[in-house]
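To start, the structure under review is shown below, and the notes come after it.
Start at 1 and go down the list; that is how both ligands and their atoms are numbered.
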Amino acid sequence: MKKHVLVLAMAAVLVAACGKKEEPAPAPAPAPVATAPAPAPAPAPAGPVLDDEKVLNIYNWPDYIPENMIAEFEKATGIKVNYDTFETNEALHAKLVAGNTGYDIVVPGTVFAKPQIEAGFYQPLDKSKLKNYGNLDPAVMSVLTKADPDNKHLVPWAWSFTTVGINKTKAAKALGNMPMPENAWDLVFKPEYTSKLRSCGIAYLDSPTEIIPVALHYIGKDAYSNNPADYKEATAMLAKVRKDIRLFSSTMIDDIAGGKACVAIGWAGDVNIAAARAKENGSKDEIEALLPSTGALSFFDTMAITKDAKHPNNAHAFIDFFLSPESGAAMANEMNYNAGNKAALPKVDPAMAANKTIFVDEAYMPKMIPPSSFTNEAREAMATAYNAFKKGGK
Ligand code: SPD
């Protein structure tokens, strides 16, 4: 066989030499391929290591995944994904504390991920299985170290901020000749404004750890204070506007888009989804996530693999799939969220890239309050204070 190849190769060289007899000297002969055996075909790139059972159980927030992402992952890997949703960090936390969640991947915010890591609820990631890990934005990974020193357990799903969402068209009508406040938080916390805006609907996120921190920030306290006395002050302020709040909901996209709420304490990405949905439904109202002059609270939702995950390899395969530039870009283009994926940026639609409530301007970043965490005792005190406020007390 070797000989045969050699003969053929020599023949080729000779034919070439003869055919070019009257032409200028030929270029130097190519490297001597003839003496080596035919090269073996390049091995197909190794696919991810998968578990025997082709199943993956994911627990994530609602309205938080591009439409075809699961189907594309299933097609690429043959893994069947079961996808459930939760509406608050508290709900996910309760599941983890109860144990045996049955989920392989969950998506906590870092405020809760820190105590969850400390409680041993998650297993360390095997980064050798994450070939797309290098796509992540180092600035985002550095924020995550506050919850997850050395970035051992978490990778970002998306980051955004808690702020005031507004249907400007409806709010302007309700305010009449009262001008918009300089500080957007006044719209949801100051009785002069809430008493007027109640007619078109005020909505709050339905969770102690969403509302108390923004209320603390509004009254000039540390948003991540662990001091229950501060929660009392925050709920005293909140009590003054309680009667004006129409809705408590952590899935308020349709409430804003459908006109049940004209101002809301919500997540910037969801407010942007509401704006897009209202447009699709033919509304001409101007709906926006605001960048308050006194700052907004940034949050980072992250993927973690549960300690007792039955499909850890499938989980790594999904995480790696999510860390691809295409998935990162789809999070911005379809879901209005920044996935913290640097390699995705060239694939982001220019209109999305220009939206400063998705890709926040450097000029606003100093006003973004970074996430921190609460002690378990503080979270309990916060829940008590919040529930009393919701019921109508202080
Ligand atoms: N559409 C779902 C958005 C998920 C937001 N998570 C927010 C956590 C903020 N603390």
Side-chain angles (χ1 to χ4, degrees), residues 58-67 69-70 83-96 105-116 140 143-144 146-148 154-165 203-217 223-224 248-257 261 264-278 287 289 292 295-304 322 330-340 352 357-358 360 368-374 378-379 382-383 386:
I58 303 180
Y59 200 36
N60 197 352
W61 303 75
D63 296 296
Y64 218 18
I65 187 162
E67 200 181 342
M69 188 176 281
I70 296 288
Y83 191 87
D84 292 338
T85 58
F86 59 87
E87 293 181 6
T88 62
N89 269 311
E90 283 86 348
L92 167 61
H93 192 70
K95 266 248 181 337
L96 291 162
I105 294 179
V106 296
V107 185
T110 55
V111 173
F112 278 69
K114 183 177 187 322
Q116 289 163 357
V140 171
V143 175
L144 298 196
K146 216 169 161 200
D148 180 26
L154 309 174
V155 289
W157 180 269
W159 81 270
S160 178
F161 54 97
T162 307
T163 187
V164 179
Y204 276 19
L205 289 167
D206 192 10
S207 144
T209 54
E210 298 291 349
I211 297 304
I212 304 290
V214 286
L216 286 169
H217 174 64
Y224 292 95
F248 288 88
S249 160
S250 294
T251 50
M252 60 175 72
I253 294 173
D254 285 329
D255 296 329
I256 302 175
I265 298 178
W267 303 309
D270 281 20
V271 177
N272 283 316
I273 297 175
R277 212 166 276 177
I287 296 174
L297 270 66
S298 60
F299 64 81
F300 293 72
D301 290 330
T302 57
M303 275 182 284
F322 186 82
M331 279 297 286
N333 295 339
E334 293 179 40
M335 299 314 298
N336 296 274
Y337 276 98
N338 182 339
M352 292 297 177
T357 63
I358 304 175
V360 178
M368 227 20 124
I369 291 114
S372 187
S373 290
F374 300 105
R379 272 203 324 274
M382 202 180 294
Y386 173 79

Which atoms form the tightest heavy-atom contact between Val107 and Phe86, and what is the distance? O-CZ, 3.4 Å

Of all the non-hydrogen atoms in the protein, which one sits nearest to atom 6 (N) of ligand 1, and at what distance? Asp301 OD2, 2.7 Å

Can you name the atoms of ligand 1, numbered from 1 with element, that are less than 4.0 Å from a heavy atom of [X]?
| X | value |
| --- | --- |
| Glu210 | 8 (C), 9 (C), 10 (N) |
| Asp63 | 1 (N) |
| Tyr337 | 3 (C) |

Are side-chain N/O atoms of [X] and [Y] paired as donor and acceptor at under 3.5 Å?
| X | Y | result |
| --- | --- | --- |
| Asp63 | Thr251 | no |
| Tyr64 | Asp270 | no |
| Glu210 | Thr88 | no |

Proximity to ligand 1 by part of Ser160, non-hydrogen separation under 4.0 Å: neither

Please tell me if the side chains of Ile256 and Ile287 come closer than 4.5 Å, counting only heavy atoms from C-beta onward. yes

Looking only at distances, please establish whether an N/O atom of ligand 1 is found under 3.5 Å from an N/O atom of Tyr64. no

Polar atom proximity, Pro62 to ligand 1 (N or O, under 3.5 Å): yes

Only residue of Tyr83, Tyr337, Trp267 satisfying ring-ring contact (aromatic ring centres under 6.0 Å, His included) with Trp61 is Trp267

